[in-house]
Protein chains: 2
Amino acid sequence: MHFSIDQLLAFHAAAELGSFSAAARRLCKAQSVISTAVANLEADLGVQLFDRAGRYPRLTPAGERLVKDAGRIIGECQHMQALAGELAGGVEPRLTLAIDDDSHLPWLERVLGDFATRFPRVELELLFPLMEDLLEMIGSGRAHLGVGYEQQGLRSAIRSHGLGSVEVALVVAARHPLARQGTVTRTELASTRQIALTARTRQKSSPEIQLSSAIWWVEGDPAVLEMVRQGHGWAIVPLFVANSALERGEVVRLQSDYVAGLPVQRLEVLWHRAHAHRQAGQWLRQALLEHGRDVFGDAGA
Amino acid sequence: MHFSIDQLLAFHAAAELGSFSAAARRLCKAQSVISTAVANLEADLGVQLFDRAGRYPRLTPAGERLVKDAGRIIGECQHMQALAGELAGGVEPRLTLAIDDDSHLPWLERVLGDFATRFPRVELELLFPLMEDLLEMIGSGRAHLGVGYEQQGLRSAIRSHGLGSVEVALVVAARHPLARQGTVTRTELASTRQIALTARTRQKSSPEIQLSSAIWWVEGDPAVLEMVRQGHGWAIVPLFVANSALERGEVVRLQSDYVAGLPVQRLEVLWHRAHAHRQAGQWLRQALLEHGRDVFGDAGA
DNA sequence: CTGACTTACGGTTTCCGTAACGATT
DNA sequence: AATCGTTACGGAAACCGTAAGTCAG
């Protein structure tokens, strides 16, 4: 590998413009520099790149094949240059976001899309640990940013900011017997099968969730919703999980004083007090909070 | 883009070995060269790549991110170098193979696999034109190599070599009524539904193929075989198309004097007399002929 | 005290731009 | 005639290796 990037630049520009002189003008060099650079590159590679018969040089078949590689290498170099500029400007090279949620987080889609266009070169790592692990990960620096439900005993090293409260909905399939009633009582719910959320790893299945004696435990909000959609029973799920199914009319929402009495689930964004965020982290934290307000409604810290 | 490939090599080696001295030994340079190269690269990128506190340099987070890009660029450069060596050694940069066949050509799989390992950097183009277009493409140089059925009026500029004759088989589904007989007559075939090959683009549907009055025209040998497998009728297909289905016992082969009377289909390899093949083309032509003999049995030009 | 990194320094190589020349349109 | 590509040439910049200095384990 004896050739240089400058030679590749000269080769690429000359091939693109079809003229050594034009390439020299673009690269702000003397013509002879381009000429010798291409000649040296040909000598290094052992391949003739241009056919110099006419007034303008023409790519040989081999040159046509190799100019693609040259362009790719130049692109990689520019990518590296741009990345270095971002790193020097205070953008973290990688960012780990830990999210405590069983659902697919459809409300995150827009934020991550914006992040991808705003910071295309930052390596983003998405993890979905349990809440206890999440706190440990933020405390140790394994994760830079976390999203999870409100906890009581937060360590002082961890800061948090409310993202909003998750509105839950009582849903059944559109063809379910309960669907005809707009409002249902605790007794009616207790005598119908309930679909409740569980987790493979979570040992303690919170008993306060269970209302009905006939109950199916299902892992993950999407799977719970699917069971409801198939008419197997009623369930309490976050509204944003049920939204698309509600719009399609596959499931309907019921009113009940039981739902009103449930404890409010508050989502919050978590980060470490000592580990200062750089540009990408600051942006993502801000975007999460702002987007959270749009989705879940306003809620203080 | 002020940095050089040598700087990237020094950076990459130092990061991999964890020592500037070791990198110098690997690259056969003085230690100071590595030291200054890395320092200059850091100055060019505006990013500190190593933490030089201890006895051995340690990558910074930014350096850890950037060393991947450096490795990728180096790999691309080596790829370009290797490609240039092949081109200089007489390997064509791209090769176009035109095949006249409606089937998926399962017998080609091994040849193309070997080609991919033997010539990983050659751009291979596979086209499936009609036979008339195929001859034109070889004549004009659009395709370097062709595979098709024997033709009468070959132009003198096109050379050909027999690949072997395609053995055809009369097949029906294993549960088809005809399957119980080992041998069938023309009359029996004529009174049972025939599945025959057609093509979307081909206007003239060769009438000599049609034996039965009850006939379904299906596009492509695989689809014909599928119709047979489902028990819709009998068909004449190339043996290599039916082979796997025969082995699985889904279809069975019948004997009939009708099949013996069909004209023999001879496959041949075609190329232009004036356009000499280079290494990849020579290899592929040879491999096609040898593999053809294994699959179709020996047959002269 | 060994081995590793940095810095200084002299010599060589390489590279650049100017300029002259031949060739093409 | 204008422009393009090649080649020659002088000066400058970059590069390399040696060597001395500093520091960690």
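In what follows, chains are A, B, ... by sequence order, proteins preceding strands, each numbered from 1.
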Run the side-chain donor-acceptor check on residues 49-62 of chain B: report pairs under 3.5 Å with partners two or more places apart or on a different chain.
unit_1	atom_1	unit_2	atom_2	d
B:D51	OD1	B:A53	N	3.3
B:R52	NH1	B:E42	OE1	3.3
B:R52	NH1	B:E42	OE2	3.2
B:R52	NH2	B:E42	OE1	3.1
B:T60	OG1	B:Q48	O	2.8
B:T60	OG1	B:L49	O	3.2
B:T60	OG1	B:G63	N	3.0

What pairs of donor and acceptor atoms, side-chain ones from residues 85-98 of chain B against any protein atom, are under 3.5 angstrom apart with sequence neighbours left out?
unit_1	atom_1	unit_2	atom_2	d
B:E86	OE2	B:R121	NE	3.2
B:E86	OE2	B:R121	NH2	2.9
B:E92	OE1	B:Q279	N	3.3
B:E92	OE1	B:A280	N	2.9
B:E92	OE1	B:G281	N	3.4
B:E92	OE2	B:R278	N	3.2
B:E92	OE2	B:G281	N	3.2
B:R94	NH1	B:E123	OE1	2.9
B:R94	NH2	B:E125	OE1	3.4
B:T96	OG1	B:E125	OE1	2.7

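Distance alone, capped at 3.5 Å, is enough to place a donor-acceptor pair between the B:N40 side chain and the B:T36 backbone. Proximity of a side-chain donor or acceptor of B:S140 to a complementary backbone N or O of B:E136 within less than 3.5 Å is detected. Between the side chain of B:R26 and the main chain of B:A13, no donor-acceptor pair closer than 3.5 Å is present.
Distance CG (A:D6) to P (D:dA14): 12 Å, rounded to an integer number of Å. If you measure from atom CD1 of B:I5 to atom P of D:dC15, you get 14 Å, rounded to the nearest angstrom. As a whole-Å value, the separation of B:D44 CG from D:dA14 P is 11 Å. At whole-Å resolution of the value, NZ in B:K29 and C1' in C:dT12 are 15 Å apart. A:L41 has its CG atom 17 Å from the P atom of C:dT14, to the nearest Å. Protein atom NE2 of B:H2 is 14 Å distant from nucleotide atom P of C:dC15, rounded to whole Å.
How far CG of A:L284 is from CH2 of A:W271: 11.5 Å, rounded to the nearest 0.5 Å. Taken from CZ in B:R25 to OG in B:S19, the straight-line distance is 6.0 Å, to the nearest 0.5 Å.
For the segment residues 10-28 of chain A, the set of residues with a heavy atom within less than 4.0 Å of an atom of DNA chain D comprises A:S19, A:F20, A:S21, A:R25, in numerical order.
Ring geometry for B:H275 against B:H272 counts as parallel: the plane angle stays under 30°, on a 0 to 90° scale with 60° as the upper cut.
The shortest distance between the side-chain N/O atoms of B:S35 and the OP1/OP2 oxygens of C:dC5 is not below 4.0 Å.
Contact of the A:H291 side chain with the A:D114 side chain is not registered, since no non-hydrogen atoms from C-beta on lie closer than 4.5 Å.
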So if I define the base as every atom that isn't primed, P, OP1 or OP2, how would nucleotides 18-25 of chain C read as a B/S/- string at a heavy-atom cutoff under 4.0 Å? B-----BS

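With D:dG17, C:dC5, C:dC16 as the choices, the nucleotide that has an atom nearest any side-chain atom of B:V33 turns out to be D:dG17.
Residues B:P129 and B:D100 share a closest heavy-atom pair of O-OD1, 3.5 Å.
Sorted by first and then second residue, the pairs that involve residues 76-85 of chain A and meet side-chain hydrogen bond (donor to acceptor under 3.5 Å, both in side chains), not counting sequence neighbours, are A:E76-B:R72, A:H79-B:D69.
Across its full length, the helix from C:dC1-D:dG25 to C:dT25-D:dA1 shows an angle of 40° between the axes of its 5 terminal pairs at either end, rounded to 10 degrees.
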